[in-house]
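Order of appearance sets the numbers: ligands from 1, and atoms from 1 within every ligand.
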Amino acid sequence: MGDRYEDVYRQSIEDPETFWGEAAQGIDWEAGWSRVLDDRNPPFYRWFPDGRLNTCYNALDRHVESGRGDQVALIYDSPVTDQVKRYSYRELTDEVARFAGVLSGLGVTKGDRVVIYMPMVPEALIAMLATARLGAVHSVVFGGFAAHELAVRVDDAKPKVIVSASCGIEGKRVIEYKPLLDRAIGMAESKPDNCVILQRPLCQAAMTEDRDVDWASAMAEAEAVGCTTVEATDPLYILYTSGTTGKPKGVVRDNGGHAVALHWSMKNVYDVQPGDVYWAASDVGWVVGHSYIVYAPLFYGCTTVLYEGKPVGTPDAGAFWRVIQDHKVRVLFTAPTAIRAIKKEDSEGKHLERYDISSLDYLFLAGERLDPDTYHWASDLLGVPVVDHWWQTESGWPIAANCMGIEPFPIKPGSPTKAVPGYNVQILDPSGEDVPPGQEGIVGIKLPLPPGCLPTLWEDDIRFVESYVSAFPGFYFTGDGGYIDEEGYIYIMGRVDDVINVAGHRLSTGRMEEVIAQHPDVAECAVLGVADDLKGQIPLGLCVLKSGVDRDAAGLEKELVGMIREEVGAVASFKAALVVSRLPKTRSGKILRGTMRKIADGQAVAPPSTIDDPAILEEIDSVLRERGYGKKDSPA
Ligand code: COA
Ligand code: AMP
């Protein structure tokens, strides 16, 4: 046991050029590369530096040319609008080529940015691929973010065109997108030349003359355009993700390394074959959606499922099993929180009795730690391997996984198994030294990162260096803490920075603190990610009032909850802000967020030796307990 994986892994680390050079044969290149890895300018590494290709061609056209034109490429399954729609590779290529014609008619050319702010409709995927077809750069913004977050991303990416829709549908609620878009453009300094708006039957958006273009009319007149060849190292997309400060990080993905890594992962990590039905139940606004709803399944000639619904409530906790049955899904990939939501409503798995899910071979989970309870529940219910795997927006594809296509290992619940070939994962102590097996530390990855990982941040090499490669020279800093056991199994225990993970959504507590600090009555505040049975973590605000301010706590809480919803978005799930007289700090003035989080989670806390006034912890404990935190059961 372990020889096959060991051989593959060793070659990927010791001879990455041969390893990735071979993997690159799975991609069609307009012109081959003369070297696989350009490592002359560390910490900036470039894969396939002089290779030339087009990402959209590799996802679509080449499959039509090689006889896969009639195979279904995309199944849109939308319980919220009661629709199922299928696109063959030929049909999807035609739609994408025509939408590329629309964008090109609006002046979009190679290197221009296109922001996509859309719900889970096929047009979102079509817009992404059309942008890639032109060699332009897309930046998809998750629909659950508020106008201000969209504006920040627009100002950073400076798009020529924004593609959006009249509305999204959240369960039974229609969420109008267009007013949010108009407000975001109003706030942003960088104005797009045009917006292309998809009018959905449930809601007609008011159009802005001379700026807004109707999707359907533009498509009716558009001519198909071909693929623009780009350098392997040219950017394919920017995806903003939460960092420790309020300003999101613009993770850049290149074209060549991305295509090679994602294509390789389909066979080796997920064990799929071309033609298989692969379903990532995520959102195109997140990295899982980019990589495993859109690009990887299409690079590999699979059928991908785009699901506009929730695991529960659309209409019930059997929704996922229905989709698996109806479309003969072989691999399902989702977040543990989705499984917990199903478990909460249907702990005995009764809904499953109504469906035939015999097509399912694997359930892959990522986005947050897979707790052993959820693992056992899903594994017992489904009777297929439940594979935890760990990755980040920055990596774009799995860093640690039980690689089903290489050699499956026995599963250890709580561990995403071993490092994926290409990633030299090590556990470091604060001084950057390796720690022994079993000991917790910071998870680092020895440079260079494999193809597909971020080469830099959008127009911000300095922040890239400061955020990721300065803390431990020669290593990429993941922001996660964890350990590796004697058998090489990796355990990821959580973030060591101010990033939290709410229902698989990555959010910055720093950003929420910035918003709360704007309230005229608040002197200072801390936002913590506290444990939650369903969402993994949820944010909790603790605030100190300005001296002389006498406020009713409930009224203030309502205002703060409203501000976060307005500024960050509903997706933050910010529901609680409590008033305390002081925040615990070190003698040098650093707020002890970790200590407060432990109290809120009901863990034993010894006051840190550096605390300025240990007595304050008693007040924090009592305020939290009053609201139901600090106990083993869920907070109120
Ligand atoms: N557009 C607009 N609003 C959105 C949105 C979107 N795309 N996505 C979420 N929201 C809103 C929700 O409507 C909700 O609003 P509310 O506070 O008014 O009810 C809020 O943001 C929080 O949403 P969510 O985190 O989805 O919570 P939920 O209670 O509606 O559902 C789960 C809980 C567990 C079912 C849901 O979070 C889920 O399916 N998670 C899977 C996560 C996932 O796929 N992550 C991707 C990484 S793999
Ligand atoms: P995102 O960039 O949104 O994909 O979030 C990445 C973060 O989610 C990681 O840094 C981890 O903290 C967490 N994460 C993702 N997958 C896992 C996993 N399988 N186990 C533990 N944590 C995970």
Give a yes/no on ligand 1: does [X] have at least one heavy atom closer than 4.0 angstrom to it?
{"X": "G168", "result": "no"}
{"X": "E308", "result": "no"}
{"X": "P119", "result": "no"}
{"X": "G367", "result": "no"}
{"X": "F333", "result": "no"}

Less than 4.5 Å apart, any side-chain heavy atom of Y292 and any of M266?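 Yes, at least one pair of side-chain atoms sits under 4.5 Å.
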With heavy-atom distances below 4.5 Å as the criterion, would you say the side chains of D283 and F142 are in contact? yes
Ignoring hydrogens and angles, tell me if any N or O in the side chain of [X] forms a donor-acceptor pair with the backbone of [Y] under 3.5 Å.
{"X": "E394", "Y": "C453", "result": "no"}
{"X": "S78", "Y": "Q83", "result": "no"}
{"X": "S467", "Y": "R463", "result": "yes"}
{"X": "S291", "Y": "G396", "result": "yes"}
{"X": "T509", "Y": "L528", "result": "no"}
{"X": "W397", "Y": "P451", "result": "yes"}
{"X": "S415", "Y": "Y491", "result": "no"}

Look at [atom] and say which protein heavy atom is nearest, naming residue and atom and giving the distance to 0.1 Å.
{"atom": "atom 17 (O) of ligand 1", "result": "R565 NH1, 3.3 Å"}
{"atom": "atom 20 (C) of ligand 1", "result": "A570 O, 3.3 Å"}
{"atom": "atom 3 (O) of ligand 2", "result": "R506 CB, 3.2 Å"}
{"atom": "atom 27 (O) of ligand 1", "result": "K535 NZ, 3.0 Å"}
{"atom": "atom 34 (C) of ligand 1", "result": "T337 OG1, 3.5 Å"}
{"atom": "atom 42 (C) of ligand 1", "result": "A503 O, 3.1 Å"}
{"atom": "atom 9 (C) of ligand 2", "result": "D480 OD2, 3.2 Å"}
{"atom": "atom 19 (O) of ligand 1", "result": "R173 NH2, 3.4 Å"}
{"atom": "atom 18 (C) of ligand 2", "result": "E368 O, 3.2 Å"}
{"atom": "atom 12 (C) of ligand 1", "result": "E170 OE1, 3.2 Å"}
{"atom": "atom 39 (O) of ligand 1", "result": "P311 CD, 3.2 Å"}

Please compare M120, K310, M118 and report which has the shortest non-hydrogen distance to atom 31 (O) of ligand 1.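 Result: the heavy atom closest to atom 31 (O) of ligand 1 is in K310.
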Out of G367, G479, A335, who gets a non-hydrogen atom closest to atom 16 (N) of ligand 2?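 Checking each option, the heavy atom nearest atom 16 (N) of ligand 2 is found in G367.
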With a 3.5 Å cut-off and no angle check, do the side chains of [X] and [Y] form a donor-acceptor pair?
{"X": "D77", "Y": "W279", "answer": "no"}
{"X": "D271", "Y": "Y362", "answer": "yes"}
{"X": "Y5", "Y": "T417", "answer": "no"}

More than 12 heavy atoms of other residues, nucleotides or ligands under 6.0 Å from [atom1] of [X]: yes or no?
{"X": "Q439", "atom1": "CD", "answer": "yes"}
{"X": "E176", "atom1": "CD", "answer": "no"}
{"X": "K598", "atom1": "NZ", "answer": "no"}

Test side chain to side chain contact (heavy atoms under 4.5 Å, CB included) applied to V499 and Q392, step by step: CA-CA 12 Å; V499 167; Q392 316 184 305; over 6 Å; no
With heavy-atom distances below 4.0 Å as the criterion, list the atoms of ligand 1 near [X].
{"X": "Y177", "value": "1 (N), 6 (C), 7 (N)"}
{"X": "K575", "value": "17 (O)"}
{"X": "A281", "value": "44 (O)"}
{"X": "S282", "value": "44 (O), 46 (C), 47 (C), 48 (S)"}

Is there any N or O on T334 that sits under 3.5 Å from an N or O of ligand 1?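 Checking ligand 1 against T334, no N or O pair falls under 3.5 Å apart.
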Polar proximity ligand 1 side, W286 side, N/O cut 3.5 Å exclusive: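 No: no nitrogen or oxygen of W286 is under 3.5 Å from one in ligand 1.
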Of the backbone atoms (N, CA, C, O) and the side-chain heavy atoms from C-beta on, which set of W391 has a member under 4.0 Å from an atom of ligand 2: side chain, backbone, both, or neither? backbone
Where on H389 is there a heavy atom closer than 4.0 Å to ligand 2, on the side chain, on the backbone, on both, or on neither?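 Near ligand 2, H389 shows its backbone, while the atoms from C-beta on stay back.
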Test T304 against every option in V294, V277, L74 by the side chain to side chain contact (heavy atoms under 4.5 Å, CB included) rule and name the one that passes. L74
Are there protein heavy-atom neighbours of atom 2 (C) of ligand 1 below 4.0 Å?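 Answer yes: something from the protein, a heavy atom, is under 4.0 Å.
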Ligand 1 contact on [X] by region, counting heavy-atom pairs under 4.0 Å:
{"X": "K344", "value": "neither"}
{"X": "R340", "value": "neither"}
{"X": "Y307", "value": "neither"}

Atoms of ligand 2, numbered as shown, that sit under 4.0 Å from any heavy atom of [X]:
{"X": "D388", "result": "18 (C), 19 (N)"}
{"X": "T393", "result": "1 (P), 2 (O), 3 (O), 4 (O)"}
{"X": "R369", "result": "20 (N), 21 (C), 22 (N), 23 (C)"}
{"X": "I492", "result": "21 (C), 22 (N)"}
{"X": "N501", "result": "8 (O), 13 (C)"}
{"X": "Q392", "result": "2 (O), 4 (O), 6 (C), 10 (O)"}

Is the H389-Y270 ring centre distance short of 6.0 angstrom? yes
Cationic tip of K418 within the cone over Y9's six-membered ring, i.e. under 6.0 Å and within 45° of the normal?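 No.
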Are R253 and Y295 in a cation-pi contact, defined as NZ or CZ under 6.0 Å from the six-membered ring centre and within 45° of the axis?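 The answer is no; the distance or angle limit is not met.
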